Amino acid sequence: MARIIFHIDVNSAFLSWTAVEQLKNGSKVDLREIPAIIGGDQSSRHGIVLAKSSLAKSYGIQTGEPVVNAFRKCPNLVTAPPNHKMYREKSRMLMDFLRTYTKKIEQVSVDECYMDFTELVGRYPTPVDGAMEIKEEVKKRFGFTVNIGISSNKLLAKMASDFQKPDRIHTLFPEEVPQKMWPLPIGELFMAGRSSVEVFKKLEINTIGDLAHADVNVITLHLKSHGRMLWNFANGIGDDKVQYEPEEAKGVGNSTTLSEDATTYEEARDVFRELAQSVGSRLKKAGKKAGMVSMEVRYYDFRNMSHQVQLQKPTNDPVILCETACNLFRESWSGEPVRLLGIRTSKLVEENAPEQLTIFDIELPKEPDEKHKKLNAALEQLNNRYGKGAVVKGTFYRPDRNKKKDENQKR
């Protein structure tokens, strides 16, 4: 049976969820029906547009631009502050509802997920009928709308859900790619960021179809592995496996929003080192090792991306976790500024579970020798006793960052 995958995306999630809450609390105005945005304090770093209504979009207002610029474009703009606690609750309610259909749900951000609908197709005349039931039930239960993209792989389902909005269902099966996807501007291809688009335009690649028909070796020469990935995407080639985990198998992870966007690999690597220390410590405390590592990125314009790999053998060593995350980052980073980085682990096993050596073990990052194991254990004990970061390895020490932490603590 051909796989059927849905990509379910909440329409302008932050603004929609805020509008629903305001209406519930007696507001007479629906933010979705007027020029409105969700944005923070104009004087702070977070004074940017996080979400916008359709009418705000008609004024040329874009997600990620400063709130002050948005008001220049539309002086009568209505704004509301973000409420991330409420967003998480709305997200949890939505995912809980979707899991009443199937447990095969891969949540990729607070407002979007993939659903493997393959086993449910027989219940409906067509996959579109199944998607219609879900879409209408979400609207009836929760008061907000979603777009649903349908295809045989995750990439095309994602692309389909980004077609005309809001409150729509679109299909994009491989045989529909030439008609529905290839005529689109290259900037609309998933993961084709600003810097990649600039390179493509210099190569006279203006549409997704132009890229699909280009020489992949030329693309790789200019954009390396990211360019090859985009070429695959332009040809509709993507993963068809929805990565879901049973509740009891959920892993350990950590992410951080950066005080300043990271623009170099070295900056990202330093962040991954700290995250790996945290995740490795939590795994050890739980007596677990991870068999899979996932790296997640949020770009400056709030696009999310994740990449994961199955390890040859489970580990909770921060060095291996860091190296794995860094390798995943190098493979998939578009070169654009990064706002958030994260490491997630899954497929956990008991720390004492027997390990079966393989011929590939020699290719893995080396486990620490006895001397370094004792050093790591001593560092962990000191940090547990005196607080995280009380003692760090010299390679992790960054004076500027530590100075900022000290200043923040004094405040």
Side-chain angles (χ1 to χ4, degrees), residues 1-34 36 38 51-58 83 86-173 176 180-181 190 242 244 304:
M1 181 187 295
R3 198 178 295 277
I4 297 295
I5 294 174
F6 289 178
H7 181 262
I8 303 172
D9 189 11
V10 180
N11 297 134
S12 196
F14 292 176
L15 187 125
S16 292
W17 288 336
T18 302
V20 168
E21 280 299 293
Q22 289 185 355
L23 292 170
K24 189 192 300 182
N25 294 326
S27 174
K28 303 300 182 185
V29 178
D30 187 335
L31 293 178
R32 294 167 291 187
E33 298 175 356
I34 61 173
I38 301 298
K52 60 191 180 298
S53 67
S54 297
L55 280 174
K57 183 178 179 181
S58 70
N83 183 343
M86 183 264 286
Y87 302 155
R88 288 192 293 270
E89 178 60 20
K90 296 290 186 188
S91 175
R92 184 194 63 76
M93 290 166 56
L94 174 62
M95 297 304 155
D96 286 348
F97 165 67
L98 295 177
R99 289 190 180 97
T100 63
Y101 282 85
T102 175
K103 303 300 182 188
K104 295 182 178 180
I105 301 285
E106 178 184 349
Q107 185 171 1
V108 290
S109 69
V110 70
D111 61 342
E112 61 179 320
C113 70
Y114 294 100
M115 171 189 284
D116 190 332
F117 203 74
T118 310
E119 295 174 359
L120 304 177
V121 169
R123 301 181 189 177
Y124 302 90
T126 69
V128 172
D129 291 295
M132 182 65 72
E133 178 182 297
I134 291 172
K135 182 177 76 71
E136 293 303 314
E137 192 64 24
V138 167
K139 190 192 305 185
K140 176 182 172 184
R141 284 174 180 246
F142 306 119
F144 56 84
T145 63
V146 298
N147 261 42
I148 302 181
I150 307 172
S151 189
S152 54
N153 69 42
K154 294 197 293 187
L155 163 74
L156 295 181
K158 166 68 176 173
M159 288 293 299
S161 72
D162 283 337
F163 290 163
Q164 188 180 9
K165 297 180 178 182
D167 198 22
R168 300 296 181 99
I169 295 170
H170 301 282
T171 64
L172 184 58
F173 291 101
E176 298 177 296
K180 292 186 176 182
M181 192 171 82
F190 180 54
V242 173
Y244 65 94
N304 295 307

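This is a predicted model, so every value here is computed, not measured.
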Can you list the residues that meet the side-chain hydrogen bond (donor to acceptor under 3.5 Å, both in side chains) rule with [X], with sequence neighbours excluded?
X: Asp129; answer: Thr126
X: Tyr87; answer: none
X: Asp116; answer: Arg3, Thr118
X: Ser91; answer: Gln107

Output all residues satisfying ring pair (Phe, Tyr, Trp, His ring centres under 6.0 Å) with Phe163, sequence neighbours left out; order by chain, then residue number.
->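 For Phe163, the residues satisfying ring pair (Phe, Tyr, Trp, His ring centres under 6.0 Å) (neighbours in sequence not counted) are His170.
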
Compute whether any side-chain donor of one residue and acceptor of the other, for [X] and [Y], lie under 3.5 angstrom apart.
X: Asn11; Y: Thr145; result: yes
X: Thr171; Y: Lys180; result: yes
X: Asp111; Y: Ser109; result: yes

Using 0.5 Å steps for rounding, measure from the [atom1] atom of [X] to the [atom2] atom of [Y].
X: Leu98; Y: Lys103; atom1: CG; atom2: NZ; result: 11.0 Å
X: Leu156; Y: Ile5; atom1: CG; atom2: CD1; result: 9.5 Å
X: Arg32; Y: Thr18; atom1: CZ; atom2: OG1; result: 10.0 Å
X: Lys165; Y: Asp9; atom1: NZ; atom2: CG; result: 5.0 Å
X: Tyr244; Y: Arg99; atom1: OH; atom2: CZ; result: 12.5 Å
X: Tyr101; Y: Arg123; atom1: OH; atom2: CZ; result: 9.5 Å

Whether [X] side chain and [Y] backbone form a donor-acceptor pair below 3.5 Å:
X: Asp167; Y: Lys135; result: no
X: Ser58; Y: Leu55; result: yes
X: Ser53; Y: Ile34; result: yes
X: Ser12; Y: Ala51; result: no

Considering only heavy atoms from C-beta outward, does the side chain of Phe117 approach that of Ile148 to under 4.5 Å?
->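 The answer is no; the side chains never approach within 4.5 Å.
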
What pairs with Lys140 under salt bridge (charged side-chain N to carboxylate O under 4.0 Å, His left out), at least two apart in sequence or on another chain?
->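 Lys140: no salt bridge (charged side-chain N to carboxylate O under 4.0 Å, His left out) contacts found.
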
How are the rings of Phe142 and Phe144 set to each other: parallel, tilted or perpendicular (split at 30° and 60°)?
->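 Parallel: the ring planes of Phe142 and Phe144 meet at under 30°.
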
